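Working notes, beginning with the structure itself.
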There are 2 protein chains.
Amino acid sequence: MGRNRATLADVARKAGLSKTAASMVLNGREGTRLSAEAHQRVFAAAEELGYRPNLAARSLRTRKTATIAFVSDIVATTRFAGDLIRGALDAARERDHVLLITETQGDATFEQYAIEAVLDRQVDGVIYAAMATRRLTVPAAILGGPVVLLNATSPDGLPSVVPDDEGAGRSVATALLELGHRDAIALIGRNRLKEDDPEVSLAARARLHGIRQTLDEAEVGLLAECFCTEWLPEHGYAAMRGLLSKPRRPSAIICMNDRLAFGAYQALGEAGLTVPEDISVISFDDDPIAAWLRPSLATTALPHEQMGRRAVELLLDGGAVEPSLVAMPLRRRRSLAPPPG
Amino acid sequence: MGRNRATLADVARKAGLSKTAASMVLNGREGTRLSAEAHQRVFAAAEELGYRPNLAARSLRTRKTATIAFVSDIVATTRFAGDLIRGALDAARERDHVLLITETQGDATFEQYAIEAVLDRQVDGVIYAAMATRRLTVPAAILGGPVVLLNATSPDGLPSVVPDDEGAGRSVATALLELGHRDAIALIGRNRLKEDDPEVSLAARARLHGIRQTLDEAEVGLLAECFCTEWLPEHGYAAMRGLLSKPRRPSAIICMNDRLAFGAYQALGEAGLTVPEDISVISFDDDPIAAWLRPSLATTALPHEQMGRRAVELLLDGGAVEPSLVAMPLRRRRSLAPPPG
DNA sequence: AGTGGTCGCTAAACTGATTTAGCAGAGCAT
DNA sequence: ATGCTCTGCTAAATCAGTTTAGCGACCACT
């Protein structure tokens, strides 16, 4: 790859100057007393030779690589990972940096390996990302340089970027209250594990808290709360069937994520009920399926792209130490209507 | 990041040997005449100092970086990208390599930038990936070193890895024939643009060809073929409604991808028809929603993870020049049944 | 005339590895 | 005693940049 590229020495020779002069000119160093003419000659030579610096050589001296490590537990399995990466990629490009991506798959050996691999390559900093918003402990090895946690927080007080799930909970509840829903709001997706163990999830607790807080302020109680062992369509389906078997039918359903809502839609369809005329549905995440459902599903979007971007900014530009909360915008779609009757 | 790491010189000093000796021992060079004792002393010293080589220095000399560039048009917008990357990541790790990921967003300027950024970093090779299987022309700049096309082919005859869409077409048609479907099979998702322009898609034509070939051999014709401007749920929905408005109802539907099938399910549900008792459905991709649908959707899986892996193997280990076809396994699920009546 | 300062530039050191060329000593044959 | 080979090891060059220290020419001032 890239044999016979012109070197700085070539440029210097062609410009009739020393390597030192060429280096200084090309790096735009202030305060050198090189003549305007020398500048021109160097630029012309570099241009003509198609000179591009060898970054390995440069970083050997400067210990900078313009490379950021993006270490995550699981890249692939969530549809969101791509957005996280894309945001980071964009922000990195704007700052002339590039991303070295590795995955630990939640395995300690792989993690060890991944960390060593990136540290050996002298990355300028590490973004340590989790695919589910949660608390985690970062390996000591990377603490030697800048680190930003993405979609995670840590007890070490490292800078971090997380979505504002609590705000999303408030948005969701507010949206229903504004439509006039009061005592017949049901919740699908309670989950003790996710709510109580921050190493599993921070989102569940925050979403629930936001919802509760808003409803409490309006002096509204939940009609029912369904527990689900996982947040998958089948669990949403089962929960919805359970709700429909009860005497009082809810006027609105809040699902803890879109996949649950997808399952709820299926149960509603089978029961011959119509969204939103019979029941409104709203949820969290803005998974692509939310827009594909009929009727389209109102939800609050996980701002993954923005989060990825923010993480890079925090890493390179520095910034706040307290967790950086990124707003989750409400997507108003057709699954919302005033309560029937 | 990684200040005060031990250098090779430190190891050599501690072992009471020269840098040369230390280097040779640590690289396991054959044919050096260094004593067993010298080997031990070097290993011990390296271990004790926690020595890790500075890869910038090494690659300055060797022009190898153990780094592969993964350049793609669009990482984020498809749920599949993650699998492609994951497969590549795994294979790279097994070979002690690491992935530098960049995205061109289909923009020529970004592409130029991305290519320069990775070449400047002296990557050992480039994987050039497309998110939709298609033909493309790779930028001349990367032709200086090893290149593998992933999910794409090029006129240059570069090594490439693509899914076996034609085989998938045959699997799909065969599955229906085996169940006894004959003259009432309809197809959703014909698309002239995708079928005729290889720079847009190679999959559409190949899938169609596989289906046709198998049906022809069984002397079965398609009951109907619906054209769709895009392969999104709404188009599948519209197509399915169209089919249902005709006098003869199909016994089975082949959708060109799972999103179309999702839309078809919605139309079937609204029409009060049951899958698979009234109509069987089968499609392509194995999008996560396929398993989530009720009933679960039979489909042929895009083997993205394997493809990513294969691309890295081809790049590092060399191999066949003709396009490497990766099989698309059939996922038999509940949406299949013999024709009614 | 001597001194000091500024200007415009360069030689050489330095980064941390790999690699080439070759040296000192031992053993052996002549 | 001399020449030869083999063993076990090392000095120094090299990769392509950045950075430090400083050199010679010219000018102004005393």
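Basis for what follows: all heavy atoms, side chains included, without hydrogens, waters or symmetry-related copies. So that the names make sense, note that chain A is the first sequence line, chain B the second, and so on, each numbered from 1. What you are looking at is a predicted structure, and each value in this text was computed from that prediction instead of being measured.
B:D164 places no side-chain N or O within 3.5 Å of a backbone atom of B:M328 that could act as its donor or acceptor partner. Side-chain atoms of B:R121 come within 3.5 Å of backbone atoms of B:A117 as a donor-acceptor pair (strictly under, hydrogens ignored).
Taking atom CG of residue A:L60 and atom P of nucleotide D:dC15, one finds them 14 Å apart after rounding to whole Å. We find that CG of A:D10 is positioned 13 Å from C1' of D:dC15, with the value rounded to whole Å. Counting to the nearest Å, the P atom of D:dT19 and the CG atom of A:L26 are 13 Å from each other. Counting to the nearest Å, the C1' atom of D:dA16 and the CG atom of A:N27 are 13 Å from each other. Rounded to whole Å, atom C1' of D:dC15 lies 10 Å from atom CD of B:Q122.
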- [ ] Kindly determine whether A:E111 and A:V71 satisfy side-chain contact (heavy atoms from CB on, under 4.5 Å), including the steps that lead there.
- [x] CA-CA 9 Å; A:E111 173 164 273; A:V71 179; 5.7 Å; no
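Residue A:R61 has no polar side-chain atom (N or O) positioned under 4.0 Å from OP1 or OP2 of D:dG17. OP1 or OP2 of D:dT18 lies within a sub-4.0 Å distance of a side-chain N or O belonging to A:S23.
Scored by the salt bridge (charged side-chain N to carboxylate O under 4.0 Å, His left out) test, A:D317 finds A:R95 as partners (sequence neighbours excluded). For the salt bridge (charged side-chain N to carboxylate O under 4.0 Å, His left out) test, residues two or more places apart in sequence or in another chain that qualify with B:R310 are B:E313. With sequence neighbours excluded, no residue forms a side-chain hydrogen bond (donor to acceptor under 3.5 Å, both in side chains) with B:S59. Under the salt bridge (charged side-chain N to carboxylate O under 4.0 Å, His left out) criterion, A:D197 pairs with no residue at all, not counting sequence neighbours.
Residue pairs meeting the salt bridge (Lys or Arg N to Asp or Glu O under 4.0 Å) criterion with at least one partner in residues 26-35 of chain B, sequence neighbours excluded, do not occur; the list is empty. For residues 133-146 of chain A, the set of pairs meeting the side-chain hydrogen bond (donor to acceptor under 3.5 Å, both in side chains) definition, not counting sequence neighbours, comprises A:T133-A:N151. Sorted by first then second residue, the salt bridge (Lys or Arg N to Asp or Glu O under 4.0 Å) pairs that include residues 42-59 of chain B, not counting sequence neighbours, are A:E116-B:R52, A:D120-B:R52, B:K14-B:E48. Among residues at least two apart or in separate chains, there is no salt bridge (Lys or Arg N to Asp or Glu O under 4.0 Å) pair with a member in residues 150-163 of chain B.
For the pair A:E94 and A:R309, the salt-bridge criterion is met [side-chain N within less than 4.0 Å of a carboxylate O].
Remark: the A:T104 side chain and the A:D73 side chain contain no N/O donor-acceptor pair separated by less than 3.5 Å.
For the contact set between residues 44-57 of chain B and DNA chain D, defined by any heavy atom under 4.0 Å, there are no members.
A rotation axis mapping the C1' atoms of four pairs onto the next four is fitted at both ends of the helix from C:dA1-D:dT30 to C:dT30-D:dA1 over five pairs, and the angle between these axes is 80° to 10 degrees.
Once you apply a 4.0 Å limit to the heavy atoms of chain A, the touched nucleotides of DNA chain C run 5' to 3' over C:dC7 to C:dG16.
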Give me the distances for all protein-to-nucleotides 4-9 of chain D N/O pairs that come in under 3.5 Å?
from	atom 1	to	atom 2	distance (Å)
D:dG8	N7	B:R33	NE	2.9
D:dG8	N7	B:R33	NH2	3.1
D:dG8	O6	B:R33	NH2	3.0
D:dC9	OP2	B:S35	N	2.6
D:dC9	OP2	B:S35	OG	3.2

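Across all strands shown, A:T20 has heavy atoms under 4.0 Å from base atoms, whether or not it also approaches the sugar-phosphate.
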